[in-house]
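Numbers for residues simply follow the sequence, beginning at 1. Keep in mind that the numbers below use all heavy atoms, side chains included, and drop hydrogens, waters and symmetry copies.
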Amino acid sequence: MDVSIIIVNYHTEGLIKNAIDSVIEKTGGVTYEIIVVDSAPDDGARNVLGAIKPGVPYRYLELAENRGFGAANNEGFRYATGKYLFCLNPDTLLVNNAVKILFDFMETHARCGACGGNLFHADMRPTHSFRRILPGTLWEISEGMNRLPEHLLFGRNSKFNHSGRPKKVGYITGADLMLRSEVIKNVGGFAPEFFMYFEETDLCCRIRKSGYDIFSVPAAEIIHLEGQSMTTEEVNTKKFKYYADSRVEYYKRNATLKEAAKAYKIYLKNLRKWAKNTDEIGKIAQVHYQCALNALDRYAELKDKIFPESQR
């Protein structure tokens with residue numbers, strides 16, 4: 001088997017069938033299987049997903065509870081037989097033969113541990129497909145300056161590949177992440193500590209540390225209906241906590257305590273600055289800032305480094 005395509009469902013039955021249909025319609029010249037991992041399924045999901053007849057090897061797996069994006073993909077990895085693992089969001093639609101394009105690139109670039117294509121909005125406007133750098137001091141400085149340093153360094157190609165040529169990047173978004181199976185066996189899958197956000201960033205960081213490169217392959221094109229796989233209520237009540245917890249977890253796992261403290265202080269400074277606004281951005285930043293403070297409970301050493309006991 002060339003490629004195992006793993007799609008995680010969490011109440012996205014209205015989207016995932018279209019994603020699978022696009023895979024079947026657009027993919028050719030490569031052998032593949034589809035593995036759907038259903039997190040906390042209900043009867044509606046079972047009826048919809050159980051009725052899919054893709055005409056290719058297909059496996060439907062149920063998880064008793066929603067353990068997060070990474071853990072669900074890891075479950076799919078356990079059953080995958082492909083030389084490559086392709087994590088594909090349920091809110092995506094293949095524009096072209098992206099699976100074959102990414103497969104061919106991996107086949108001809110032995111040091112590529114992971115790659116992904118260019119992502120587009122539904123109207124084919126470019127959207128966030130990767131980032132050239134990984135979290136750290138430069139990342140946080142760039143965030144505070146509306147990513148101006150990255151734009152100066154990389155021009156139009158800071159988060160979307162306009163060049164028409166493959167480029168090395170820091171990480172590929174989890175919406176369309178193709179992984180070399182042998183590399184995943186060596187470095188492990190997604191870290192289960194990440195429920196949502198930064199899980200692909202952490203995995204790509206570990207792949208890079210193991211000596212492999214991460215590539216953007218712009219010839220592969222995929223529509224990402226970003227945000228439609230999460231309800232409005234979930235976004236409003238949970239996303240800031242998930243994001244803050246995962247950011248701390250990333251620094252805990254991938255940076256020295258000194259580097260983590262330097263970067264996180266800049267992160268908090270940015271949030272305090274934005275929280276002074278009187279508009280909706282300010283209100284969001286206030287919530288985000290509190291979540292960022294609470295998240296430090298996950299990393300006691302970092303909390304002590306940033307806020308010594310004498311300052312509490």
Side-chain angles (χ1 to χ4, degrees), residues 2-9 12 14-36 54-56 69 73 76 82-109 112-132 147 150-151 154-180 200-201 203-204 207 213-230:
D2 293 328
V3 182
S4 296
I5 302 172
I6 299 158
I7 308 177
V8 174
N9 176 65
T12 55
L15 295 169
I16 195 170
K17 184 179 184 303
N18 292 332
I20 292 173
D21 287 345
S22 78
V23 168
I24 297 168
E25 177 187 353
K26 299 294 184 179
T27 305
V30 63
T31 60
Y32 66 95
E33 61 183 351
I34 297 173
I35 301 174
V36 173
V56 296
F69 175 82
N73 272 289
K83 183 177 181 181
Y84 302 103
L85 309 169
F86 188 38
C87 302
L88 187 66
N89 265 24
D91 56 352
T92 58
L93 298 168
L94 270 58
V95 176
N96 59 11
N97 197 358
V99 177
K100 179 67 161 56
I101 292 168
L102 296 176
F103 168 82
D104 286 345
F105 184 84
M106 296 285 268
E107 286 285 275
T108 55
H109 294 77
C112 176
C115 66
N118 267 346
L119 297 177
F120 298 84
H121 292 292
D123 60 2
M124 294 304 293
R125 287 180 297 114
T127 189
H128 174 215
S129 305
F130 54 81
R131 201 153 166 185
R132 302 292 292 274
R147 300 191 183 180
E150 290 173 74
H151 297 318
F154 308 115
R156 299 173 66 221
N157 300 301
S158 63
K159 64 177 183 177
F160 182 92
N161 193 340
H162 293 274
S163 73
R165 302 184 304 275
K167 288 184 176 295
K168 291 182 183 180
V169 299
Y171 74 88
I172 296 290
T173 70
D176 70 319
L177 179 62
M178 185 170 283
L179 304 158
R180 193 177 295 273
E200 74 270 58
T201 317
L203 180 56
C204 287
I207 291 172
D213 296 316
I214 314 296
F215 276 92
S216 156
V217 184
E221 298 182 346
I222 299 170
I223 290 172
H224 185 200
L225 305 171
E226 195 167 9
Q228 292 192 27
S229 60
M230 177 181 272

| Between Glu200 and Thr173, does a side chain to side chain contact (heavy atoms under 4.5 Å, CB included) hold up when you go through it step by step? | CA-CA 6 Å; Glu200 74 270 58; Thr173 70; 4.3 Å; yes
| message | For Asn9, is there any backbone N or O sitting under 3.5 Å from a side-chain donor or acceptor partner on Thr12? | response |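 Side chain of Thr12 to backbone of Asn9: no pair is present.
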| field | Any donor-acceptor N/O pair, Asn118 side chain to Asn161 backbone, under 3.5 Å | value |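 Such a contact is found between Asn118 side chain and Asn161 backbone.
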Do [X] and [Y] have side chains that approach each other closer than 4.5 Å (heavy atoms only, starting at C-beta)?
{"X": "Phe130", "Y": "Leu119", "result": "no"}
{"X": "Ile223", "Y": "Met124", "result": "yes"}
{"X": "Tyr32", "Y": "Ile24", "result": "yes"}
{"X": "Phe160", "Y": "His128", "result": "no"}
{"X": "Ile20", "Y": "Val36", "result": "yes"}

Work out which heavy atom in [X] is nearest to a heavy atom in [Y]; give both atom names and the distance.
{"X": "Ser158", "Y": "His151", "answer": "OG-ND1, 3.3 Å"}
{"X": "Ile207", "Y": "Leu179", "answer": "CD1-CD2, 3.8 Å"}
{"X": "Gly117", "Y": "Leu102", "answer": "N-CD2, 4.0 Å"}
{"X": "Asn89", "Y": "Ile7", "answer": "C-CG2, 4.2 Å"}
{"X": "Glu107", "Y": "Lys83", "answer": "OE2-NZ, 2.6 Å"}

| field | Sidechain N-carboxylate O distance under 4.0 Å for Glu150, Lys159 | value | no
| query | Can you tell me if NZ on Lys167 sees more than 12 non-hydrogen neighbours from other groups inside 6.0 Å? | reply |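 Correct, the count exceeds 12.
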| Taking the six-membered ring for Trp, are Phe215 and His109 parallel (under 30°), tilted (30 to 60°) or perpendicular (over 60°)? | tilted
| Roughly how far, to the nearest 0.5 Å, is the CZ atom of Phe86 from the SG atom of Cys115? |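 CZ of Phe86 is found 8.0 Å from SG of Cys115.
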| side chain to side chain contact (heavy atoms under 4.5 Å, CB included) between Leu177 and Cys204, worked out | CA-CA 10 Å; Leu177 179 62; Cys204 287; 4.2 Å; yes
| field | Trace of the side chain to side chain contact (heavy atoms under 4.5 Å, CB included) decision for Val217 with Ile101 | value | CA-CA 8 Å; Val217 184; Ile101 292 168; 4.1 Å; yes
| query | Do Asp91 and His224 pass the side chain to side chain contact (heavy atoms under 4.5 Å, CB included) test, and can you show the C-alpha distance, the side-chain angles, and the key distance before you say yes or no? | reply | CA-CA 6 Å; Asp91 56 352; His224 185 200; 3.4 Å; yes
